[in-house]
Amino acid sequence: MLVLIGAAAVPAIGQQFTSPTSSEGTAAPSSTAPAPKVDDSALRFFAAQGDSRRLEAEMARLRALYPNWQPPKDLFSPTPDQDPDLVRLWQLFAEGKFSDIRAAIAQRQAAEPDWQPPADLVTRLDEGEAARRLVNAAEAKQWASVLRIATDTPGMLVCGNMDVLWRVAEAFVRTDATERAKDVYAYILRSCSDPKERLATAQKAMQVLDGPELDSLLALQRAKPDGTPEFASLRGDLLRSLVGRAAQDATLNVSAEDIDALEQLARNGSTADDALVLGWYAFRRGNAAQALDWFKLALDRKGGASAAEGYVLALEASGRALEAEPIAYQWRDAGADNRTAYIDLMAGLLSASPPPRLDQSIVARFAPVVSQDKSATGAQALGWYAYNTGQIRTAASWFRTAVQWAPEDEVSAFGLALSSVRLKDTATLDAIAATWVGKSERILALVSPATRRQLASRAPASSPLPLPAAVAPTPIARPAAVATSVKPAAPMPLHPAPTDRVGTNDTGRAPESSAGRGGAACSRAGAPAFRADRLSADDAVARGWCLLDLDRPREAINAFDVGIRNGAGRTAEDAAYGKSLAYLRLGLTNQAQVAAIETAQPPARAVELSVDLLTQRAIAAYRDARYVEAILALDERNRLAPEQQDLMMIRAWCYFKLRDFASAGRIFKALRAAGYADAGAGIDAIMATTRQWRS
Amino acid sequence: MLLLVALIAAPAHAKVQPGMISPSDWSAYGARFIDTSGRVIDDANGRISHSEGQGYGMLLAYLADDKATFERIWTFTRTELLIRDDGLAAWRWDPNADPHVTDINVASDGDILIAYALALAGQAWNVPAYDRSATRIAQALGQQVIRREGGRLVLLPGATGFSVGERPDGPVLNLSYWIFEAFPVLARLAPEIDWEGLAASGRELLSLARLGPAKLPPDWISAPADGPLEPAQGFEPVFGYNSLRIVLYLLRAGITDTDVQKAILNNWMVQNGGMPAIVNIPTGKALARLSEPGYRMLAATLACAIDGTAIPADLRRLQPSQYYPSTLYLLSLSLVGEKYPTCLR
């Protein structure tokens, strides 16, 4: 019934706007036509009040109704014979006191049953009430009601009731009748003359229309007194929203002309907005160097927190993380995203193996931020840094802190276990092993020779064995060869171990596509050539995979970069893919996505089918609440293609359902930092469940 | 035998006449609770307005034969509350909120009162537009809230939130939303709706709803198909401010001899010294006795109708206190004036 009413209203109002009113369309040849009997009481009242705005509106209305009508000449002379009651009624009308008018009419009719109010007053009153009712219905989002009221009282749909016209257009948009909303906007732009209302109308149209439909509307623009087209200023808005949306969504295409036009606006302007939009657009499309320039410009123009965040991310993506650190630190308190950017940047720097040479002050000023935020990621990174630089006691202390803040985080627990082995702290080691029994084989392997043997027999030859017994890592020395390297895992947020995963191949984390690759290419022989950037693209990519196998994602990224720079076709694709995996392994999802689109993946790759199948399997498992299976399917898929944001959401919710809040939280936070607004709900859910959040 | 008489008599009583509220009582009420925009103000409730108050205001204006005030209240009701897609009224309007409608849901007794007042006025004052509006609201009630739920034809209290599908203890009903006197009048405008069936299920539910030691109907009741009636979850289990008016609605519809009226009469007259009381359903204990004139008038009207007891002298004219008891007072007084004039001698 409701739908019926709504649908019935639509064509009626549509007609109202599509067909020009007859009074406008037909010229009046009628000097012979009898002069119409026009109720001019409203006119006289507004004239007497000196209300020129209403007077003009009323004249326009009467002219539209009666094309031959001429305003009376004695409009401004006193009219002694006027009914004082009517003067009062029009006065009430001007004040919008509709209830008082209705009451007064009823009162007079009770006393004088034959008395009728002027038809004009009744019409205006009906329209005034309908307009008020329509606005109330729109405020309450009762869109069918809005359209029904408009249909019942079409007389109020005139330029003088701009708010009503806008709300009718909105009702059409909300009821999926965008085409009819366009009719309303077109009616306004053809018929109404207030410049501000016209501009606002064009802006409203821009929010709901695009392409040729929008162009045809904007073509209704008029020339301003100075000769410029009235909607010229909107061109910039249009470009800005277009590029802004494309910066969020890599599937949207923006023409080179549009980008050029916005770039020109950005350069010629003096504000940071356009530069920021262009910065994010370039960054999300994998052009870190260009992004850096725009973010720099935005920062110089006081672009604030977002500019600083972009600048930091772009520097980091350009392999200049150390340079980014001072800016990241300076802006750390500007917003949640800046905070995350700083912590992620530092986590990346600190977790690298071998550890970069860092000024002690850089580490020192990171620590209080970590403590203040209770950032498990930060504490864990500080743990690895200390561990890798031989400060085992410090490492143990940071890992212990990380475990306190995120008890479910296996990587932190593993770090603490490793440190305990080095410190011969068997009490701590046993306690951790007891906590993680059945949940983490590599932790168990630290105390159980049997598990160690089991893992060793199962691990692919090229995979590192996470066994300290094989080697006590010499802290500063670079792990030289596969067989001897037991490097503590860098944080791997997307790959924790939920309870049900016992017995799955937890050690074979290297992507399948890298199996059989690398090995020798990882050898020292390649290193000098690599440093000199003279390594062939193929060798560089092989080296990248090999380093990734060794769980050295930072170095792998550098190698893949060489592959992207020097390679073409399949090699470059491989390199981009490897780079995105490496970023994912570091938990830096923003960058992972950038890397994934750095070189477009080929359309007809054999893996695509299996990617699709795995995607479906993961989604189906998630829907059936088989969360462990969903994660396994996603893991498998992850080896074939980078994980897109919606699947990361599914993964995160799986962890959430499995009560692995640390892993879920890390993904949600990374996604939110990447601008994926839905992730906020996940963070809130974790907060609510873990009672960190009181509202 | 008495019951039979009441049933036969009921249709004859269905039509109340204008002019049963005196001008002085009515102007005292209007000055206090109706503003110039036609808004009926619930002064005990943050000065908000609601569809029920607007409906009461329109019915009282009709009973006072005040066409101007009727127009005033109807104008506000139409433009501010009758904005829902389904043609029913939004129930809650707050002067301090923007937008003013703070809950778009329906309170179905408000819609019944509005449609009933429009139908009465449309016929008595010969205003076809009132009839048309009343018809539309009655039809919308039939489509949205008069439904077969839990094995009975019921009046859902709102458009959302009370049905079997929406609550584990659904349907949840409010038996004081059955304004019996309105049903025959609305049946004339929307005959496709089974108003008689609705009245019958209301009488049945009232008979079954005599719960607890005091055998009184709770304000909010769960009426599932497969179980006994119980106080609804999430509401205080009381015979409270809602249920008080059941007595009045039955009497106004010409129904005088039901078990629930006897239970209420006993509780007020015997247990609580002639005063209506808020009664806890599980314990049967009175939580509060209501001494305000408007509430005492309910008890006096019941005693008048059943035993012919005269209305006490201090209750013969309106002493406006708050919106709700004052409204109940005027509805009671107009009933006594029309049907039991001897109680006022």
Side-chain angles (χ1 to χ4, degrees), chain A residues 1-9 85 89 92-93 95-113 115 117 122 125-153 156 164 167 171 174-175, chain B residues 18 30 34-40 54 57 61-62 64-94 97-106 121 124-127 129-130 132-133 136 139-140 142-144 159:
Chain A
M1 183 59 193
L2 272 182
V3 180
L4 267 178
I5 292 169
D85 245 11
L89 291 178
L92 290 171
F93 181 80
E95 291 166 12
K97 294 180 170 170
F98 302 153
S99 298
D100 286 315
I101 305 174
R102 294 280 184 201
I105 292 174
Q107 199 157 31
R108 174 129 176 207
Q109 283 178 326
E112 284 175 54
W115 182 80
V122 174
L125 186 55
D126 284 346
E127 289 171 4
E129 282 178 4
R132 188 175 288 174
R133 191 168 166 228
L134 183 146
V135 169
N136 285 332
E139 289 286 340
K141 301 191 192 337
Q142 302 292 298
W143 305 115
S145 183
V146 169
L147 295 176
R148 195 169 53 230
I149 296 165
T151 312
D152 290 348
T153 320
M156 71 178 160
V164 168
R167 286 176 191 271
R174 303 295 185 121
T175 50
Chain B
I34 304 171
D35 76 6
T36 56
S37 73
R39 185 166 93 76
V40 179
Q54 298 300 120
Y62 166 79
D65 203 14
D66 180 353
K67 292 174 185 166
T69 304
F70 188 92
E71 267 289 279
R72 203 185 282 283
I73 303 173
W74 169 228
T75 300
F76 180 92
T77 308
R78 190 175 61 239
T79 54
E80 298 293 325
L81 299 184
L82 266 180
I83 56 173
R84 284 173 54 94
D85 284 344
D86 61 12
L88 295 173
W91 83 270
R92 190 178 199 280
W93 194 99
D94 186 338
D98 183 21
H100 290 303
V101 170
T102 50
D103 189 348
I104 192 69
N105 203 357
V106 163
W125 298 337
N126 190 24
V127 186
Y130 290 167
R132 283 196 297 277
S133 295
R136 272 199 292 273
Q139 287 167 344
Q143 281 151 12
Q144 305 300 325

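So you know, we letter chains A, B, ... as the sequences are listed, proteins then strands, and number each from 1. Reckoned from all heavy atoms, side chains included, excluding hydrogens, waters and symmetry mates.
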Take atom CD in B:Q139; do more than 12 heavy atoms of anything else shown fall under 6.0 Å from it? yes

Distance col, row B:D85:CG vs A:R148:CZ, nearest 0.5 angstrom, shows 6.5 Å

Distance-minimising heavy-atom pair for A:E129 and B:T75: OE2-CG2, 3.4 Å

Please check: side-chain N/O of B:E71 versus main-chain N/O of A:A106, any donor-acceptor pairing under 3.5 Å? no

Just how far is it from atom CG of A:L134 to atom OG1 of B:T79, taken to the nearest 0.5 Å? 12.0 Å

Interatomic distance, CD1@B:I83 vs CG@A:N136, rounded to 0.5 Å, equals 5.5 Å

For A:K97 and B:T36: C-alpha separation, side-chain torsions, deciding distance, then whether side chain to side chain contact (heavy atoms under 4.5 Å, CB included) applies. CA-CA 9 Å; A:K97 294 180 170 170; B:T36 56; over 6 Å; no

Please state whether the side chain, the backbone, both or neither of B:I73 comes within less than 4.5 Å of a heavy atom of chain A. neither

Quick one: which of B:R72, B:R78, B:K67 gives a side chain to side chain contact (heavy atoms under 4.5 Å, CB included) with A:R102? B:R78

Partner residues of B:W125 under the ring pair (Phe, Tyr, Trp, His ring centres under 6.0 Å) criterion, sequence neighbours left out: B:Y62, B:F70

Interatomic distance, B:I104 atom CD1 to A:S145 atom OG [nearest 0.5 angstrom]: 8.5 Å

